[in-house]
Trainee: 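Structure in structure tokens, see below.
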Protein chains: 2
Amino acid sequence: MNRVQNIIEHAEQHCKEHGARLTNKRKHVLSGLLASEIALSAYELTEYCKTEFDEAIPAMSVYRILEFLEEEHLVHKLKLANKYVACAHITCDHDHGVQQFLICNECQRVKEISIDKSTIKKLQRNVEDAGFHLLSPQLEMNCLCERCMVSAA
Amino acid sequence: MNRVQNIIEHAEQHCKEHGARLTNKRKHVLSGLLASEIALSAYELTEYCKTEFDEAIPAMSVYRILEFLEEEHLVHKLKLANKYVACAHITCDHDHGVQQFLICNECQRVKEISIDKSTIKKLQRNVEDAGFHLLSPQLEMNCLCERCMVSAA
DNA sequence: ATTGATATGTTATATCATAACATTTCTTGC
DNA sequence: GCAAGAAATGTTATGATATAACATATCAAT
């Protein structure tokens, strides 16, 4: 079984555990994100399903499916890019805390990392000192990935 | 002279110093942002100019004006909100380093803060360790402002 | 006053996203 | 198996943000 299928199985199991249904269309959208190295838009995902599975899922449905997948913590929405990525930890059974997203401005490649707790704490304190409350330390950062750094040089 | 006019004067001086022109329309757009407590979209700014100055600046022009104001470091674009804010440091003559933006998810109020250098350094190291390069530590963070925290409680 | 540069206007269109309502598919109790 | 309700998906329309391409107007310097 290949990597994507394996993750899909995990995801399906995860959904079943609380009575959610990972339908075929939802699987297809998720597998589009899993197969992609870069973040994708809802419209790009309809394209993917069309070419890969010959299945015409309208954009409206893709948005709903993405919403479902987000609620299941299988997908993250990147507000900075208005695009979506699969969660990098679907097959981890342990809780994996809050993630940060490094988004390559050139190629949309995304890396999901964990910034150490103390740094996050300090950040949070800075924010509180300013009288604001950080809703979620799930930061998104404008970056360049390794490949694009090399090709830019 | 009121606060907004005072800042506009500073901005004009700043532009003049390197031969850039702060035209009336540019002033109007900038003053819209200066007068606002919250981040505004380009379309909201055309509205503002229409009602406040009875001047119909088409959205296309507002985008160009915002681009100009960004290049002059008079305005920041918030990618997280797809909106714009005036720089909080137009009247400071000293260099004020890299800023972070706290965006209230409820009311779009924005606070521009400076996170201490050591925290930024640590963040940057985390990113580099992941093989990415932080393009700019100008973070944007989803927050709740004081007022909205109170009214939510 | 002319000319070239800069700024702004106009029109069309791309892209991301949601609202409202209709239809299909699934599930569950009978 | 089937009826009824719930869940998922389809359809249509539209809103919001943004950019491209080209036309016109305004400014600045000679």
Side-chain angles (χ1 to χ4, degrees), chain A residues 11-12 15-16 18-30 32-33 36 38-50 53-72 74-85 103 105 108 110 140, chain B residues 11-12 15-30 32-33 36 38-50 53-72 74-85 103 105 108 140:
Chain A
E12 187 157 29
C15 286
K16 268 193 188 142
H18 50 283
R21 292 193 325 225
L22 193 63
T23 63
N24 276 335
K25 306 205 182 220
R26 286 167 175 175
K27 281 183 195 171
H28 289 166
V29 169
L30 179 55
L33 290 176
S36 173
I38 64 174
L40 297 176
S41 73
Y43 286 85
E44 285 166 337
L45 282 163
T46 75
E47 274 307 299
Y48 176 85
C49 290
K50 185 82 193 110
F53 302 110
D54 199 35
E55 188 178 41
I57 310 183
M60 185 65 252
S61 295
V62 173
Y63 275 108
R64 275 185 296 222
I65 286 169
L66 288 169
E67 199 182 335
F68 168 86
L69 294 172
E70 261 198 283
E71 278 161 13
E72 294 296 322
L74 299 170
V75 155
H76 301 289
K77 169 168 190 170
L78 302 177
K79 288 200 190 177
L80 220 53
N82 292 318
K83 289 189 183 338
Y84 302 82
V85 286
I103 306 172
N105 257 27
Q108 310 287 315
V110 174
E140 300 175 30
Chain B
E12 187 158 31
C15 287
K16 267 193 188 142
E17 276 164 23
H18 51 283
R21 293 192 324 224
L22 194 63
T23 63
N24 276 335
K25 307 204 179 217
R26 286 168 176 173
K27 279 182 196 172
H28 289 167
V29 169
L30 179 55
L33 290 177
S36 173
I38 64 174
L40 298 177
S41 72
Y43 286 85
E44 284 166 338
L45 282 164
T46 75
E47 273 309 298
Y48 176 85
C49 291
K50 185 81 193 112
F53 303 109
D54 198 34
E55 188 179 41
I57 311 182
M60 183 69 252
S61 294
V62 173
Y63 275 108
R64 275 185 297 224
I65 287 169
L66 288 168
E67 197 182 337
F68 168 86
L69 295 171
E70 261 198 283
E71 279 161 13
E72 294 296 322
L74 299 169
V75 155
H76 301 288
K77 169 169 189 170
L78 302 177
K79 288 201 191 177
L80 220 53
N82 292 319
K83 288 191 180 344
Y84 302 82
V85 286
I103 306 171
N105 259 27
Q108 308 288 313
E140 299 176 30

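Just so it is clear, the values below take in all heavy atoms, side chains as well, and ignore hydrogens, waters and symmetry mates. A note on names: the letters A, B, ... follow the listed sequences, proteins ahead of strands, and every chain is numbered from 1. Model, not experiment: these values are computed from the prediction.
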Trainee: So, B/Ser36 side chain and B/Leu33 main chain: donor-acceptor pair closer than 3.5 Å or not?
Mentor: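 No: the side chain of B/Ser36 does not pair with the backbone of B/Leu33.
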Trainee: What's the CG-C1' distance between B/Asn24 and D/dC27, to the nearest Å?
Mentor: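 So the two atoms are 13 Å apart, to the nearest Å.
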Trainee: If I take atom CD in residue B/Glu55 and atom C1' in nucleotide C/dT8, what distance separates them, rounded to the nearest angstrom?
Mentor: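 Computing the B/Glu55:CD to C/dT8:C1' distance gives 11 Å.
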Trainee: I need the CD-C1' distance between A/Glu67 and D/dT9, as an integer number of Å.
Mentor: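 To the nearest whole Å, that distance equals 14 Å.
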Trainee: What is the distance from NZ of B/Lys16 to C1' of D/dA28, rounded to the nearest Å?
Mentor: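 In whole Å, D/dA28 C1' and B/Lys16 NZ are 14 Å from each other.
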Trainee: Just to verify, what does A/Glu55 make a side chain to side chain donor-acceptor pair (under 3.5 Å) with, not counting sequence neighbours?
Mentor: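 Partners of A/Glu55 by the side chain to side chain donor-acceptor pair (under 3.5 Å) criterion, ordered by chain and then number, come out as A/His28.
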Trainee: Set out, in order, the CA-CA distance, both residues' side-chain angles and the distance that settles side-chain contact (heavy atoms from CB on, under 4.5 Å) for B/Glu140 and B/Ile103, then state yes or no.
Mentor: CA-CA 7 Å; B/Glu140 299 176 30; B/Ile103 306 171; 4.0 Å; yes
Trainee: Tell me the interatomic distance from A/Lys27, atom NZ, to D/dA8, atom P, rounded to whole angstroms.
Mentor: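 Atom NZ in A/Lys27 sits about 14 Å away from atom P in D/dA8.
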Trainee: Between A/Glu72 and A/Cys15 (side chain of the first, backbone of the second, donor and acceptor by atom type, cut-off under 3.5 Å), is there such a pair?
Mentor: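 Looks like no, no N/O pair under 3.5 Å.
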Trainee: Rounding to 10 degrees, work out the angle separating the end axes of the helix from C/dA1-D/dT30 to C/dC30-D/dG1 (five pairs an end).
Mentor: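 The angle separating the two end axes equals 20°.
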Trainee: Would you compute the distance between atom NZ of B/Lys83 and atom CD1 of B/Ile38 and round it to the nearest 0.5 angstrom?
Mentor: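 Separation between the atoms: 7.5 Å.
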Trainee: Under a 4.0 Å N-O cut-off, is there an ion pair linking B/Glu12 with B/Lys27?
Mentor: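 Salt bridge present between B/Glu12 and B/Lys27.
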Trainee: I need the A/Ile57 CD1 to A/Arg64 CZ distance, nearest 0.5 Å.
Mentor: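 Rounded to the nearest 0.5 Å, the CD1-CZ separation comes to 11.5 Å.
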Trainee: Yes or no on side-chain contact (heavy atoms from CB on, under 4.5 Å) for A/Val29 and A/Cys49, after CA distance, side-chain angles and deciding distance?
Mentor: CA-CA 7 Å; A/Val29 169; A/Cys49 290; 4.3 Å; yes
Trainee: Provide, to the nearest angstrom, the distance between the NZ atom belonging to A/Lys79 and the C1' atom belonging to D/dT17.
Mentor: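 Distance, rounded to whole Å: 15 Å.
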Trainee: Whole Å only: how far is the NE2 atom of A/His28 from the P atom of D/dA8?
Mentor: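 Taking atom P of D/dA8 as the reference, NE2 of A/His28 is at 17 Å.
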Trainee: In B/S/- notation, 5' to 3', how is nucleotides 11-30 of chain C contacted by protein heavy atoms closer than 4.0 Å?
Mentor: -----BBBB------SS---
Trainee: Would you tell me if any nitrogen or oxygen in the side chain of A/Thr23 comes within less than 4.0 Å of OP1 or OP2 on D/dA8?
Mentor: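 Checking D/dA8 against A/Thr23, no side-chain N or O comes under 4.0 Å of OP1 or OP2.
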Trainee: How many angstroms lie between CG in B/Leu80 and CG in B/Asn105, if you round to the nearest 0.5 Å?
Mentor: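 Taking CG in B/Leu80 and CG in B/Asn105, the distance rounds to 7.5 Å.
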Trainee: In whole Å, I'd like the distance from the CD1 atom of B/Ile65 to the P atom of D/dT26.
Mentor: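 These atoms are roughly 15 Å apart.
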